[in-house]
2 protein chains.
Amino acid sequence: MKEFLRTKGFKMTPQRELIFRSFFELGRHVSVDELYDKVRLQDNTVGYSTVWRNLKLICRVGLAEVVNIGDGITRYDRVTNIPHGHLYCLKCKELIEFNVEQIVGMLAHKTSDYNFTPENFKIEIQGYCENCRESEVEVVEETKSDA
Amino acid sequence: MKEFLRTKGFKMTPQRELIFRSFFELGRHVSVDELYDKVRLQDNTVGYSTVWRNLKLICRVGLAEVVNIGDGITRYDRVTNIPHGHLYCLKCKELIEFNVEQIVGMLAHKTSDYNFTPENFKIEIQGYCENCRESEVEVVEETKSDA
DNA sequence: TTGAAAATGATAATCGTTTTCATTTAGCGT
DNA sequence: ACGCTAAATGAAAACGATTATCATTTTCAA
Ligand SMILES: [Mn+2]
Ligand SMILES: [Mn+2]
Ligand SMILES: [Zn+2]
Ligand SMILES: [Zn+2]
């Protein structure tokens, strides 16, 4: 990792190493606060700015990307070899990942119609998960009588 | 429109009427500030809060939905009969719409594997438009500094 | 070893969003 | 038409996540 960063022109530091390691341990959909908390468990001198900046760095070197589920909190998702989209449950806030390899392929083809060069694809579906499905109907019904 | 809102339990006001009309005149990807500016051209007594609240109302009654292109500004897009995705140019910030009717169909089918009930689909592709394609490489090199 | 460039940490600034609250208004029932 | 109540408004402040600032420390290549 140190070498990987060096070739990209960045230096390695103890804080950076801890932050990177902690991020990959957390794995998915990591917010700055979450990562900060995890990092502080091992070293409570690391600053918030440092965590934030390194999270951006992880993105810049292509190891993660931003995922925004609409709750106002920026989360960072490690980049996987297989592209995935997100199913976001509006009720329990669960975030399910699903394979979008084929769909990305089709989208990539579609963008060529616009002479557009894609860099990344975001496919996010909001709705209701298996468990929250029933209560969805109730909510809709309530909204009616509400009005 | 007045009747439409009344059936949903909302009142009509001169401000609301102006805001709704202005929103649909602007059409696509409208930020609060943009709408506020447009509204103020016709009535410079309308408050920012009122514009913001009515934009939310337009969403609540199903006439618009939030679109987030990652620049930190929430935009509101009128709901169209045909679902569309967005091509967002990372350089010139252009926002191109494209048809995703077929893809949404496939995604809807895919979600059933997860017993997930979709409510809405967000398909956003970041990249470089025709005009900005060449300078893409340079940009990546430049983006490497503190804060 | 050493100097330039980068990184850090504390803090403050920024900025879009949301809330608060006193006041006004819409529109229903009478 | 009138009065009432819930909704809507507008000014301002609160909020909160993100980003910038800056003095200090650290890395690493020469
Ligand atoms: Mn993910
Ligand atoms: Mn659009
Ligand atoms: Zn759920
Ligand atoms: Zn462009």
Side-chain angles (χ1 to χ4, degrees), chain A residues 1-20 22-23 29-37 39-40 42-61 64 66-76 143 145-147, chain B residues 1-20 22 29-37 39-40 42-61 64 66-76 141-147:
Chain A
M1 175 56 72
K2 177 176 181 177
E3 195 56 22
F4 171 75
L5 284 177
R6 206 180 54 70
T7 62
K8 299 231 172 194
F10 301 103
K11 296 173 178 175
M12 181 49 76
T13 66
Q15 296 92 335
R16 177 160 292 169
E17 191 180 339
L18 173 59
I19 292 168
F20 271 56
S22 300
F23 173 75
H29 319 131
V30 182
S31 68
V32 184
D33 287 9
E34 281 167 4
L35 183 54
Y36 176 70
D37 288 345
V39 165
R40 295 280 289 209
Q42 305 239 357
D43 180 350
N44 69 352
T45 70
V46 178
Y48 188 89
S49 320
T50 303
V51 173
W52 178 78
R53 278 186 294 233
N54 276 288
L55 219 24
K56 289 217 123 183
L57 179 63
I58 293 173
C59 290
R60 203 179 308 168
V61 298
V66 167
V67 53
N68 218 298
I69 56 180
D71 65 350
I73 296 174
T74 302
R75 289 165 188 282
Y76 298 83
T143 311
S145 53
D146 219 34
Chain B
M1 177 56 72
K2 177 176 180 176
E3 194 58 17
F4 171 75
L5 284 177
R6 205 181 55 72
T7 62
K8 300 228 172 197
F10 301 103
K11 296 174 178 176
M12 180 49 76
T13 66
Q15 296 95 330
R16 177 160 291 170
E17 191 180 340
L18 173 58
I19 292 167
F20 271 56
S22 300
H29 319 130
V30 182
S31 68
V32 184
D33 287 10
E34 282 168 4
L35 183 54
Y36 176 70
D37 288 346
V39 164
R40 294 281 289 207
Q42 305 238 357
D43 180 349
N44 68 352
T45 70
V46 179
Y48 187 89
S49 321
T50 304
V51 173
W52 178 79
R53 279 186 291 234
N54 275 288
L55 219 25
K56 288 218 126 184
L57 180 62
I58 293 172
C59 290
R60 200 180 315 167
V61 298
V66 167
V67 54
N68 218 299
I69 56 179
D71 65 350
I73 296 173
T74 302
R75 289 165 188 284
Y76 299 83
E141 290 303 317
E142 285 167 14
T143 319
K144 188 173 79 72
S145 64
D146 187 60

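Hydrogens, waters and symmetry mates are skipped; everything else that's a heavy atom, side chains included, is used. The chains referred to below are lettered A, B, ... by the order of the sequence lines, with proteins before strands, and numbering in each begins at 1.
- Counting to the nearest Å, the P atom of C:dT24 and the NZ atom of B:Lys11 are 16 Å from each other.
- Phosphate proximity of C:dT8 to A:Thr13: present, with a side-chain N or O under 4.0 Å from OP1 or OP2.
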Under 3.5 Å, which protein N or O atoms sit close to an N or O of nucleotides 12-14 of chain D? Give each pair with its distance.
| unit_1 | atom_1 | unit_2 | atom_2 | d |
| --- | --- | --- | --- | --- |
| D:dA12 | N6 | B:Ser49 | OG | 3.3 |

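- For A:Gln15, no side-chain nitrogen or oxygen approaches OP1 or OP2 of C:dA7 to under 4.0 Å.
- Atom CZ of B:Phe20 is separated from atom CD1 of B:Ile58 by 4.5 Å, given to the nearest 0.5 angstrom.
- Taken from CD1 in A:Ile19 to CG in A:Leu57, the straight-line distance is 9.5 Å, to the nearest 0.5 Å.
- Taking 4.0 angstrom as the limit, B:Thr74 places a side-chain polar atom (N or O) nearer than this to OP1 or OP2 of C:dT17.
- Listed nucleotides: C:dA26, C:dT8, C:dT20. Nearest to the side chain of A:Arg16: C:dT8.
- Remark on DNA chain C: of its neighbouring residues A:Arg40 and A:Leu57, the 5'-side contact belongs to A:Leu57, judged by nearest-heavy-atom nucleotide.
- Rounded to whole Å, the distance from CG on A:Leu18 to P on C:dT8 is 11 Å.
- Contact record, A:Thr45 with A:Arg40: C-NH1, 4.0 Å, taken as the closest heavy-atom pair.
- For D:dA29, the OP1/OP2 oxygens have a side-chain nitrogen or oxygen of A:Arg6 closer than 4.0 Å.
- Put simply, CG on B:Leu35 and OH on B:Tyr48 are 9.5 Å apart, with the number rounded to the nearest 0.5 Å.
- One interatomic measurement links the two molecules: CG of B:Asn54 to C1' of D:dG10, which rounds to 12 Å at whole-angstrom precision.
- The nearest whole Å value for the distance from the CD1 atom in A:Ile19 to the P atom in C:dT8 is 6 Å.
- Remark: C1' of D:dA11 and CH2 of B:Trp52 are 15 Å apart, rounded to the nearest angstrom.
- Here B:Arg60 pairs with nothing under the salt bridge (charged side-chain N to carboxylate O under 4.0 Å, His left out) rule; sequence neighbours left out.
- In this entry the distance linking NZ of A:Lys56 with C1' of C:dA7 reads 17 Å, nearest Å.
- Annotation: of the two residues near DNA chain C, B:Lys2 and B:Gly72, the 5′-most nearest-nucleotide partner is B:Gly72.
- Using a 4.0 Å cut-off, no side-chain N or O of B:Arg53 falls inside it from OP1 or OP2 of D:dA7.
- A 4.5 Å side-chain heavy-atom check between A:Val66 and A:Tyr76 finds at least one atom pair inside the cut-off.
- As rounded to whole Å, 15 Å separates atom P of D:dT18 from atom OH of A:Tyr36.
- Atom CG in B:Asp71 sits roughly 10 Å away from atom P in C:dG16 (whole-Å rounding).
- Here the CD atom belonging to B:Glu34 is positioned 5.0 Å from the CZ atom belonging to B:Arg75, to the nearest 0.5 angstrom.
- Minimum atom distance to the side chain of B:Ile73 is reached by C:dG16, of the listed D:dG10, C:dG27, C:dG16.
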